[in-house]
Amino acid sequence: MTLITGHRGARNLWPENSPTGFRNTLTLGVDAVEFDVHLTRAGELVVIHDPTLERTAEGSGPVRDLTPAARARTKLKGTDESIPTLSEVLEILAPAEGITLHVEIKLDETGTPYPDIVRRVAAELARFGVEERACLTSFDTSVLEDCRRHAPEVARLVSVNAGWAERQGGLAAFIDRVDGLVELVAIHHELMEAEWTMIRERLPLDRLCVWTLNDEAGIRHWLDRGIGHLTSDQPDLALALRAAS
């Protein structure tokens, strides 16, 4: 059975990476919830996708420059909620037993890994007792190597799209290089379709995740193929189509 992941909570249904979005996503019956983590200079782990505030929050500038006070007063667009910390998100998600947490460790506004972010994230997962149902994710293999070093007990996922694959010497070479580093390989749906034969020669269905699919035809296509994992901004639709298939 294809496992359905709510992307950034379920950002087509509620504001992305918001406490309300996470609470509501849990009621849908998803198999996993995905969210993003940055590290501020003040040492706070904060859940937001972009390395800057402009797109999703009522603020501007790099996320890393937020002080705790500034974060608390910076609202997510379309909400009266502040940008949450990782601990605040885990307080919502940790009690939902059986739901996997896909924790994407982001890069800063220059595309550089945050120093010590992996160890800090791993410590929070351990504090909430969710290591066994967490999956640390990144595009950056150096981040994932840090994940293996600091949290070897936590599963790992690498993400890749066409542009990233090209910069890594092609998708086939990239898959071969990360095969022993990660349990799951998440591939953008357009690249997955274009390279499907090669991908299937290298990886079984249960190690593959396709992202991000929000339309009925696309979701049906990958459900019919028996893909292991499917990430959606609209997991309610994906779950309904899975139930009907």
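Computed from a prediction, not measured in an experiment: that's the story for all the values here.
With hydrogens and angles left out, the side-chain atoms of Asp233 and His7 include a donor and acceptor closer than 3.5 Å. For the residue pair Ser18 / Thr20, no side-chain donor-acceptor distance below 3.5 Å is found, with atom types taken as modelled. Looking only at atom types and distance, the side chain of Thr110 has a donor-acceptor partner in the side chain of Asp108 under 3.5 Å away.
Relative orientation of the Trp222 and Trp196 rings is perpendicular, given thresholds of 30° and 60° on the angle between their planes.
Not one N or O on the side chain of Thr231 forms a donor-acceptor pair closer than 3.5 Å with the backbone of Thr5. A distance-only check finds no donor-acceptor pair linking the side chain of Glu34 to the backbone of Gly6 [under 3.5 Å]. Between the Arg156 side chain and the Leu181 main chain, a donor and an acceptor come within less than 3.5 Å of each other. Side chain of Ser232 to backbone of Gln234: a donor-acceptor contact under 3.5 angstrom is found. Side-chain atoms of Lys77 come within 3.5 Å of backbone N or O of Glu54 as a donor-acceptor pair. Thr100 contributes no side-chain N or O that, together with a main-chain N or O of Ala32, makes up a donor-acceptor pair within less than 3.5 Å. Looking at Arg200, its side chain does come within 3.5 Å of a backbone N or O of Leu203 through a donor-acceptor pair.
In this structure, Leu45 and Ile117 approach most closely via the heavy-atom pair CD2-CG1, 3.9 Å. Shown here for Arg242 and Ser245, the closest heavy-atom pair between the two residues is O-OG, 2.7 Å. Contact record, Ile92 with Pro95: O-CD, 3.4 Å, taken as the closest heavy-atom pair. Residues Gly78 and Pro15 share a closest heavy-atom pair of O-CG, 4.3 Å.
Under the 4.0 Å criterion applied to side-chain N and carboxylate O atoms, Arg207 and Asp179 are assigned as salt-bridge partners. Taking 4.0 Å as the cut-off between side-chain N and carboxylate O, Arg55 and Glu16 count as a salt-bridged pair. Glu145 has no carboxylate O lying under 4.0 Å from a charged side-chain N of Arg148, or vice versa, which leaves the two without a salt bridge. By the 4.0 Å N-to-carboxylate-O rule, Asp65 lies close enough to Arg41 to be salt-bridged with it.
Using a 4.5 Å heavy-atom threshold, the side chains of Ile227 and His189 count as separate. For the pair Val118/Val143, a side-chain contact is recorded, criterion being any heavy-atom separation below 4.5 Å from C-beta on. Proximity of Leu237 to Asn12: side-chain heavy atoms (C-beta onward) are nowhere separated by under 4.5 Å. The shortest distance between side-chain heavy atoms of Leu76 and Pro19 falls below 4.5 Å. Proximity of Val182 to Leu157: side-chain heavy atoms (C-beta onward) are nowhere separated by under 4.5 Å. In this structure, the side chains of Asn161 and Phe139 come closer than 4.5 Å at one or more pairs of heavy atoms. In this structure the side chain of Tyr114 never reaches within 4.5 angstrom of the side chain of Leu107, judged on heavy atoms. The side-chain heavy atoms of Leu90 and Leu101, taken from C-beta on, include a pair separated by under 4.5 Å.
Rounded to the nearest 0.5 angstrom, His49 NE2 and Glu104 CD are separated by 6.0 Å. In this structure, CG on Leu53 lies 10.5 Å from CD on Glu109, to the nearest 0.5 angstrom. Here CG of Asp31 is found 8.0 Å from CD1 of Ile99. Values are rounded to the nearest 0.5 Å. With rounding to the nearest 0.5 Å, the separation of CD in Glu81 from OG1 in Thr74 is 14.0 Å.
The side-chain hydrogen bond (donor to acceptor under 3.5 Å, both in side chains) test with Glu44 singles out one residue from Arg64, Arg120, Arg71, His38, and that residue is Arg71.
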Test log, rule salt bridge (Lys or Arg N to Asp or Glu O under 4.0 Å), inputs Arg225 and Glu193: CA-CA 11 Å; Arg225 277 187 163 167; Glu193 185 67 41; 3.2 Å; yes

Please determine whether side-chain hydrogen bond (donor to acceptor under 3.5 Å, both in side chains) holds for the pair Ser138 and Asp140, giving the CA-CA distance in whole Å, both sets of side-chain angles, and the decisive distance to 0.1 Å. CA-CA 5 Å; Ser138 182; Asp140 191 301; 5.4 Å; no

